Amino acid sequence: MTIKVCVPRDAAALSVGADATAAAIATAAQLAGQTIQLVRTSSRGMFWLEPFVEVETASGRVGYGPVTAEDVPGLFAAGFLQGGAHPLAHGKVEAMPFLARQERLTFARAGLTDPLSLADYEAHGGLRGLRRALGMAPTAVVEEVVASGLRGRGGAGFPTGIKWRTVAGAPAQPKYVVVNADEGDSGTYSDRMVMEGDPYVLLEGMAIAGYATGASFGYIYLRSEYPHALAVLNEALATLRARGVYGRSVLGSDFAFDAEVRVGAGAYICGEETALLESLEGKRGMVRFKPPLPAIKGLFGQPTVVNNVVSLASVPIILDRGGAHYADFGMGRSRGTLPIQLAGNVKRAGLVEKAFGVTLRQLIEDYGGGTRSGRPVRAVQVGGPLGAYFDQRLLDLPLDYEALAQHKGMVGHGGIVVFDDTVDMAEQARYAMEFCAVESCGKCTPCRIGSTRGRELIEKIVRGEDVARNHRQLLALCDVMENASLCALGGMAPWPVLSALQYFPGDFGLPEKEPAHVV
Amino acid sequence: MKNDSVLPRGQGRRRGPEFPPYDTATVAAILDRWRDQPGNLLPILHEVQQALGFVPPGAVGQIAKAISRSRAEVHGVISFYHDFRTSPPGRAVLKVCQAESCQACGSRELTAHAERTLGCKLGETSRDGAVTIEPVYCLGNCACSPAVLLDGALHGRVTPAALDRLLAQARRQP
């Protein structure tokens with residue numbers, strides 16, 4: 001009997017040698033006279049175990065990891081094709097605690113399927129959402145998404161259904177669907193995992209968005225740092241066109257839809273939706289004034305839905321199972337599940353899709369297993385480079401848009417970066433301002449100039465120059481940036497700085513008992 | 001073509017042998033492919049850079065004319081985006097992630113190590129013309145930090161020793 005062996009093709013798995021592992025398995029199987037079916041799947045998102053190899057046995061899939069090419073002969077000797085015992089064995093994959101305690105809706109297929117096999121996709125629930133949507137009135141599709149409570153997973157958390165309603169109601173034609181795939185926040189990789197590992201779910205979500213809002217063309221604005229995602233998306237698009245899912249008649253209906261991938265050029269600001277639209281139009285990625293909203297005047301001045309990758313990838317299951325099913329997960333006004341990405345100095349770094357409400361401590365300790373270095377956790381940054389740094393005292397906060405906002409934090413795109421006790425928080429604060437200076441589009445003064453002045457002030461404080469005065473200046477500058485910047489880059493770059501000042505004043509040479517600036 | 005004095009000139013570094021010199025025909029073929037496509041400037045610049053290794057300042061006029069934009073606008077776009085180069089890179093390009101997740105896992109030390117080994121700073125090319133090192137802000141490999149991208153190939157959990165092996169390989173290339 002042919003034994004199925006799965007090795008991920010996700011870029012993170014490739015970055016630690018998955019190709020060499022797969023080649024070694026093919027060679028060893030040949031030497032052993034074993035016929036195997038070697039499938040390159042997406043990743044489960046348990047990246048500390050990559051390259052993670054799964055063998056399909058009579059009792060389900062059994063996992064081994066991390067498997068380097070050198071480990072392969074030993075695995076064959078241990079009978080791993082029959083699920084044999086080995087120091088790298090993790091038993092049944094579905095029963096592994098990291099996975100068993102998740103609620104995977106958007107990432108239901110992660111690690112299970114060959115990303116480019118449309119047959120695999122359909123066998124695991126794919127295209128059911130689009131089929132159901134095409135049988136409904138477009139307005140009913142919009143209302144289903146409204147009912148799900150889905151909020152933009154890119155960071156802003158704006159209700160997706162409301163955005164769609166605005167575009168659907170705009171009379172101008174043509175309209176566009178634009179996917180924000182400019183996942184620039186450090187500590188985040190869920191968009192990348194969707195695009196590389198389950199591209200059809202994004203493309204299905206785009207078609208549903210097009211049908212619901214009256215758009216027949218979409219652009220995926222993909223960051224240039226993701227070459228693997230580009231290759232997968234282009235191949236997936238070609239397959240959908242060839243199979244009649246995309247094109248003049250979507251799945252045999254009279255709705256037409258097609259899309260194209262456009263590649264960014266290394267500008268963080270292009271993750272801001274209006275800068276993204278400028279960039280798609282072939283211009284400098286300068287932030288636009290709002291209003292008009294992109295939903296009314298977006299790409300090329302036309303009504304445009306701009307949604308994040310994970311937001312759109314969550315739409316097919318909402319249409320398939322109904323908005324109410326999705327809204328059953330979560331708490332308060334944060335409905336559904338959030339793909340949380342554990343990153344930085346954490347032992348078990350990976351993707352955790354959970355209903356809103358899980359606490360930071362549960363995530364870092366129970367799922368993440370503490371730091372990779374084995375040292376104590378000192379600081380945690382949630383929500384990317386513009387997110388606040390939290391210390392131990394705040395780790396019991398639940399991950400929820402409103403709960404974090406109360407502490408000037410944000411869920412953002414769901415990235416959590418862990419630092420151990422060797423971190424210098426004054427340096428992290430200085431970097432936050434420096435990053436803002438490097439990436440500022442330059443349109444508004446608080447961001448363009450404030451970021452550089454902010455970096456200088458922090459450097460002066462650390463050098464012990466006129467500390468009290470420079471500290472006051474820095475707080476005043478942060479206030480100006482927060483309140484007078486045009487977009488979130490300048491408006492939120494002070495958050496990591498202020499939180500570092502509040503929770504780690506000693507790192508700046510300031511007295512430990514500082515009045516609260518943040519809470 | 002008129003001399004474009006506002007534009008930075010190439011620094012006369014040795015160009016990698018895999019890139020042909022700028023000729024108008026190469027760029028014209030790219031322009032033809034993208035003509036009449038909306039918002040075509042970024043794809044054009046990407047393709048020019050892919051073909052030639054950088055966007056030659058001398059090509060700005062040709063591109064601008066073909067897409068009916070001013071040279072200032074095209075120059076403005078090239079200078080806005082970190083990806084576009086106006087001078088030839090080394091034979092290999094190493095991008096070292098500078099963002100928070102990699103910082104938490106030793107990217108500052110890794111960057112310093114790369115700079116020492118190559119004898120040049122971020123944004124520069126080693127003296128032998130073999131390797132250009134550039135900063136990059138997140139490669140999406142944050143679960144396997146620190147990460148680098150070497151000529152489009154992603155590497156994770158990169159120790160200084162592992163980086164030495166990668167660089168030795170890159171330098172052996174012709």
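Below, all heavy atoms of this structure are taken into account, side chains as well, without hydrogens, waters or symmetry copies. First the proteins, then the strands, lettered A, B, ... as listed; each starts at 1. All values derive from a computational prediction rather than experimental measurement.
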Can you check whether [Y]'s main-chain N or O pairs, donor with acceptor, with [X]'s side chain at less than 3.5 Å?
{"X": "A/S186", "Y": "B/E100", "answer": "yes"}
{"X": "A/R262", "Y": "B/G39", "answer": "yes"}
{"X": "A/S15", "Y": "B/H155", "answer": "no"}
{"X": "A/R192", "Y": "B/G140", "answer": "yes"}
{"X": "B/H82", "Y": "A/E439", "answer": "no"}

Part of [X] lying under 4.5 Å from any heavy atom of chain B:
{"X": "A/R372", "result": "side chain"}
{"X": "A/E281", "result": "backbone"}
{"X": "A/L351", "result": "neither"}
{"X": "A/Q341", "result": "neither"}
{"X": "A/V346", "result": "neither"}
{"X": "A/V263", "result": "both"}

Which atom pair, heavy atoms only, marks the closest approach of [X] to [Y]?
{"X": "B/G152", "Y": "A/P227", "answer": "O-CG, 4.1 Å"}
{"X": "B/C138", "Y": "A/G184", "answer": "CB-O, 3.8 Å"}
{"X": "A/Y221", "Y": "B/L42", "answer": "OH-CD2, 4.3 Å"}
{"X": "B/H46", "Y": "A/G264", "answer": "NE2-O, 2.7 Å"}

Residues, nucleotides or ligands: over 12 heavy atoms within 6.0 Å of B/D36 CG: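 No, because the 6.0 Å sphere around CG of B/D36 holds 12 heavy atoms or fewer from other groups.
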B/R127 atom CZ: more than 12 heavy-atom contacts under 6.0 Å: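 Check fails, neighbour count at 12 or below.
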Carboxylate-amine/guanidinium contact A/R284 B/E73, below 4.0 Å: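 Judged by the 4.0 Å cut-off on N to carboxylate O distance, A/R284 and B/E73 do not form a salt bridge.
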Separation of [Y] [atom2] from [X] [atom1] (nearest 0.5 Å):
{"X": "A/C270", "Y": "B/F80", "atom1": "SG", "atom2": "CZ", "result": "5.5 Å"}
{"X": "B/Q103", "Y": "A/D424", "atom1": "CD", "atom2": "CG", "result": "11.0 Å"}
{"X": "A/L342", "Y": "B/C142", "atom1": "CG", "atom2": "SG", "result": "11.5 Å"}

Polar contact flag, side-chain donor to acceptor under 3.5 angstrom, A/S279-B/Y81: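 Present: a donor and an acceptor within the cut-off.
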Determine the option with the most heavy-atom pairs under 4.5 angstrom with chain B, choosing from [options].
{"options": "A/G285, A/P496, A/G17", "result": "A/G285"}
{"options": "A/A349, A/S190, A/G187, A/G266", "result": "A/G266"}
{"options": "A/A265, A/A12, A/A343", "result": "A/A265"}
{"options": "A/M193, A/E183, A/E260, A/K283", "result": "A/K283"}

Close side-chain approach of [X] and [Y], heavy atoms under 4.5 Å:
{"X": "A/D185", "Y": "B/Y137", "value": "no"}
{"X": "A/E434", "Y": "B/Q98", "value": "no"}
{"X": "A/H228", "Y": "B/L154", "value": "yes"}

Chain A contact via B/C105 - side chain, backbone, both or neither, heavy atoms under 4.5 Å: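 Just the side chain, heavy atoms under 4.5 Å.
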Engaged part of B/P38 at the chain A interface, taking heavy atoms whose separation is under 4.5 Å: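 Contact with chain A involves both backbone and side-chain atoms of B/P38.
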Member of B/V136, B/N141, B/L149 meeting the side-chain contact (heavy atoms from CB on, under 4.5 Å) criterion with A/E225: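 Exactly one candidate clears the test, B/V136.
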Heavy-atom pair count under 4.5 Å with chain A, highest-scoring of B/P43, B/A147, B/A143, B/P135: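 Greatest number of close heavy-atom pairs with chain A: B/A143.
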